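The structure presented is a predicted model; accordingly, all values stated were derived computationally and were not measured.
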Amino acid sequence: MASLAFSSANLAATNKFSSAIPARNGVINCRVNFKENGRLNTQILTNEQETMPNFLNLNQFERIPTKKDDNRLRIFSGTANPLLSEEVACYMGLDLGKIDIKRFADGEIYVQLRESVRGCDVYLVQPTCPPANENLMELLIMIDACRRASAKTITAVIPYFGYARADRKTQGRESIAAKLVANLITEAGADRVLACDLHSGQSMGYFDIPVDHVHGQPVILDYLASKTIKTDDLVVVSPDVGGVARARAFAKKLSDAPLAIVDKRRHGHNVAEVMNLIGDVKGKVAVMVDDMIDTAGTISKGAALLHHEGAREVYACCTHAVFSPPAIERLSSGLFQEVIITNTVPVSEKNYFPQLTVLSVANLLGESIWRVHDDYSGGYEHFSGLGID
């Protein structure tokens, strides 16, 4: 998996970065320049020297020939994470579709497709990250625009699904916002949803349309495998009891590393208090695994407990970096050897700190889109991490 590992220092110095994107029909380099007005300028460069990571090497298995017309595939990007959309398009060897998205003076959103999608399979890349309500409404209007333009199928590619934490009632008279958002996306006209690392698997059942759940674990595992950490020194830590299944699956793929659990008691939303540790971390390298980091209260208090219990180093790994204040202060306080995240949620330049490493999920999403478009499942173990059934 192509990874983007950089700090705030070199980002500010270069104001651009390049990433190797293994393409479906070859390998290409994407160079993304950040202009002063915030817009992106992407150059596609050929590079025959790059090779694909093992878990996404398309040459290992014989593929079923594509029967659909690739010219009927269209990818459009919202304004939530245009950089990720550019990388996905680079991997697929396609150009992003032309679309106008504007906001009126009163805050209303205007969307117009600048090219025909009649009879096409359309994929809309738009995470519902902060500002969640703005990005969600933009996605709904994009879906409606495609439906009214006679698109054959509309797939909402949602790298980060906002409101996923509101997936059940924990007290009386609460809403289940995850179900409401699922209904909105369905009623807007989406035919399918492609999501990455949902907060809980039950959220897939809230949709009345097919949901392809892609896991970001292979990206982080591939990066950890490149580090010189002895297997005997590793211990995977779940920051709470609810994430045990996720941490156990992660540990199994790290040579069946031992598992530890942080027991916490939550006294309110975005407030966590660590109580005790289940498992042994003394003298070990602890890898904390979670699906997201919001205010970093849970994971930072867990890291402090791990150090108190004798952990040699602590790594934090998550797919979605929401980074609500005061997350940056907590993560950069020296508790973590490295904070490893993916780019499902864009990270602003001011939120970079030396310990932060950002990995790209563009290959994962791009390959998933091709497989959905080709009606090709991930039945082989080689592609089992994609979650395409």
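The nearest pair of heavy atoms linking Val122 to Cys146 is CG1-SG, 3.7 Å. Between Val345 and Cys129, the shortest heavy-atom contact is CG1-CB, 3.9 Å. Here the closest non-hydrogen pair linking Arg330 and Phe336 is O-CE1, 4.4 Å. The two residues Leu224 and Cys317 come nearest to each other via the heavy atoms CD1-SG, 4.3 Å. Among all heavy-atom pairs drawn from Ile143 and Ala156, the shortest one is CD1-CB, 4.4 Å. A pairwise comparison of heavy atoms in Ile261 and Leu277 identifies O-CD1, 3.4 Å as the closest pair.
Here the CG atom belonging to Leu140 is positioned 10.5 Å from the CG atom belonging to Leu124, to the nearest 0.5 angstrom. Leu359 CG to Asp222 CG: the interatomic distance, rounded to the nearest 0.5 Å, is 9.0 Å. The distance from the CD atom of Glu108 to the NZ atom of Lys102 is 14.5 Å, given to the nearest 0.5 Å. Rounded to the nearest 0.5 Å, atoms CD (Glu309) and CG (Leu305) are 5.0 Å apart. From Ile369, atom CD1 reaches atom CG of Asp374 across 11.5 Å, with rounding to the nearest 0.5 Å. For the atom pair Ile340 CD1 and Gln355 CD, the distance stands at 12.0 Å (nearest 0.5 Å).
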Test side chain to side chain donor-acceptor pair (under 3.5 Å) on Glu338 and Tyr223 and set out the steps. CA-CA 12 Å; Glu338 191 172 2; Tyr223 176 75; 2.5 Å; yes
Would Ser324 and Asp294 satisfy side chain to side chain donor-acceptor pair (under 3.5 Å), going step by step from the backbone distance to the final call? CA-CA 5 Å; Ser324 302; Asp294 189 356; 2.5 Å; yes
Please report the C-alpha distance between Val237 and Leu306 in whole Å, then the side-chain angles of each, then the deciding distance to 0.1 Å, and finally whether the side chain to side chain contact (heavy atoms under 4.5 Å, CB included) criterion is met. CA-CA 9 Å; Val237 182; Leu306 294 176; 4.1 Å; yes
Given the rule in the side chain to side chain donor-acceptor pair (under 3.5 Å) test, do Asp167 and Ser200 qualify, once you have shown the distances and angles that lead to the verdict? CA-CA 8 Å; Asp167 57 0; Ser200 62; 2.4 Å; yes
For Val235 and Val285: C-alpha separation, side-chain torsions, deciding distance, then whether side chain to side chain contact (heavy atoms under 4.5 Å, CB included) applies. CA-CA 6 Å; Val235 57; Val285 177; over 6 Å; no
Please assess Lys230 against Leu234 for the test side chain to side chain contact (heavy atoms under 4.5 Å, CB included), listing each intermediate value before the final yes or no. CA-CA 7 Å; Lys230 294 182 179 180; Leu234 277 176; over 6 Å; no
Take Leu198 and Asp291 through the test side chain to side chain contact (heavy atoms under 4.5 Å, CB included) and record every step on the way to the result. CA-CA 8 Å; Leu198 293 170; Asp291 64 317; over 6 Å; no
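Residues Phe250 and Ile278 share a single hydrophobic cluster, defined by chaining ILVMFWY side chains whose heavy atoms lie under 4.5 Å apart. Under the 4.5 Å side-chain contact rule for hydrophobic residues, Val219 and Val322 do not share a cluster. Hydrophobic clustering of Ile, Leu, Val, Met, Phe, Trp and Tyr side chains at less than 4.5 Å, counting indirect connections, keeps Tyr160 apart from Ile158. Each of Val117 and Tyr110 belongs to its own hydrophobic cluster when Ile, Leu, Val, Met, Phe, Trp and Tyr are linked at side-chain heavy-atom distances under 4.5 angstrom. Hydrophobic clustering places Val372 together with Val361 (ILVMFWY residues linked when any side-chain heavy atoms are closer than 4.5 Å, directly or through intermediates).
By the 4.0 Å N-to-carboxylate-O rule, Arg74 lies too far from Asp121 to be salt-bridged with it. Glu313 has no carboxylate O lying under 4.0 Å from a charged side-chain N of Lys284, or vice versa, which leaves the two without a salt bridge.
No donor-acceptor pair under 3.5 Å is formed between the side chain of Arg165 and the backbone N or O of Gly162. Distance alone, capped at 3.5 Å, places no donor-acceptor pair between the Asp144 side chain and the Gly189 backbone. For Arg103 (side chain) and Ile109 (main-chain N/O), no donor-acceptor pair under 3.5 Å exists by modelled atom type. Remark: the backbone N or O of Ile99 is not paired with any side-chain donor or acceptor of Gln112 at under 3.5 angstrom. Between the Asp240 side chain and the Gly243 main chain, a donor and an acceptor come within less than 3.5 Å of each other. Counting only distance, with no hydrogens or angles, the side chain of His320 and the backbone of Thr344 share no donor-acceptor pair below 3.5 Å. A distance-only check finds no donor-acceptor pair linking the side chain of Ser360 to the backbone of Glu87 [under 3.5 Å]. Using a distance-only test at 3.5 Å, with no hydrogens or angles considered, a donor-acceptor pair links the side chain of Arg72 to the main chain of Arg118. Looking only at distances, no side-chain donor or acceptor of Asp100 sits under 3.5 Å from a matching main-chain atom of Val111. At least one donor-acceptor pair closer than 3.5 Å links the side chain of Asp197 to the backbone N or O of Gly216.
The distance between the ring centers of Phe207 and Phe161 falls below 6.0 angstrom.
Between Val181 and Tyr206 there is no side-chain heavy-atom pair separated by less than 4.5 Å. Between Met292 and Thr319, every side-chain heavy-atom pair lies at or beyond the 4.5 Å cut-off. Residues Tyr315 and Ile229 have side chains in contact (heavy-atom distance under 4.5 Å, counting atoms from C-beta outward). Considering only heavy atoms from C-beta on, Ile299 comes within 4.5 Å of Leu331 through its side chain. Counting heavy atoms from C-beta outward, Thr155 and Val193 have side chains that stay 4.5 Å or more apart. Put simply, the side chain of Leu113 reaches to within 4.5 Å of the side chain of Phe76, judged on heavy atoms. Between Gln217 and Arg246, the closest side-chain pair of non-hydrogen atoms falls below 4.5 Å. For the pair Leu194/Val214, a side-chain contact is recorded, criterion being any heavy-atom separation below 4.5 Å from C-beta on.
Relative orientation of the His373 and Tyr123 rings is perpendicular, given thresholds of 30° and 60° on the angle between their planes.
Ser333 and Glu329 share no side-chain donor-acceptor pair at under 3.5 Å. In the model, Ser77 has no side-chain atom that pairs as donor or acceptor with a side-chain atom of Gln126 under 3.5 Å. For the 3.5 Å distance criterion, the side chains of Asn351 and Ser348 qualify, holding a donor opposite an acceptor.
Counted within 6.0 Å of CD on Glu187, heavy atoms from surrounding residues, nucleotides or ligands total 12 or fewer; the atom is thus considered open. In Arg168, the CZ atom is not crowded: 12 or fewer heavy atoms of neighbouring residues, nucleotides or ligands sit closer than 6.0 Å.
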